[in-house]
Amino acid sequence: MVIWSTGEIFVFFAVIGMIVFKLWSVWHVSLKAGANREGRVIFLGLITGLTLFGITAKIYISHVLS
């Protein structure tokens with residue numbers, strides 16, 4: 001089991017906030033640019049997939065190093 005310090009918890013919530021802002025900004029820009037639905041879904045899928053990969057890698061590395 002991984003025990004996170006107060007600093008790591010703060011960084012985790014900051015990263016979650018950045019992810020939410022990133023997804024909202026991509027969606028907002030795609031609406032303003034007039035992208036079709038398929039284009040928005042593909043782009044959001046790529047951004048979400050890469051973000052989940054990064055979070056999973058951080059959790060895995062944290063678990064292995066503990």
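Just so it is clear, the model here is predicted, and its values are computed rather than measured.
Listed by chain and residue number, R37 satisfy the side chain to side chain contact (heavy atoms under 4.5 Å, CB included) test with V41 (two or more places apart in sequence, or in another chain). With sequence neighbours left out, the side chain to side chain contact (heavy atoms under 4.5 Å, CB included) criterion links I61 to L65. Residues satisfying the ring-ring contact (aromatic ring centres under 6.0 Å, His included) test with F10, not counting sequence neighbours, are none.
Linking Ile, Leu, Val, Met, Phe, Trp and Tyr whenever their side-chain heavy atoms come within less than 4.5 Å leaves W27 and I42 in two separate clusters. One hydrophobic cluster holds both L23 and V26 under the rule that ILVMFWY side chains link at heavy-atom gaps under 4.5 Å.
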List the atom pairs, with distances to 0.1 Å, where a side-chain N or O of residues 44-58 and a protein N or O form a donor-acceptor pair under 3.5 Å, not counting sequence neighbours.
unit_1, atom_1, unit_2, atom_2, d
T48, OG1, L44, O, 2.7
T51, OG1, K22, NZ, 2.8
T51, OG1, I47, O, 2.7
T56, OG1, L52, O, 2.7

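Side-chain heavy-atom separations under 4.5 angstrom define the hydrophobic clusters, and the remaining members of the one that includes W24 are F21.
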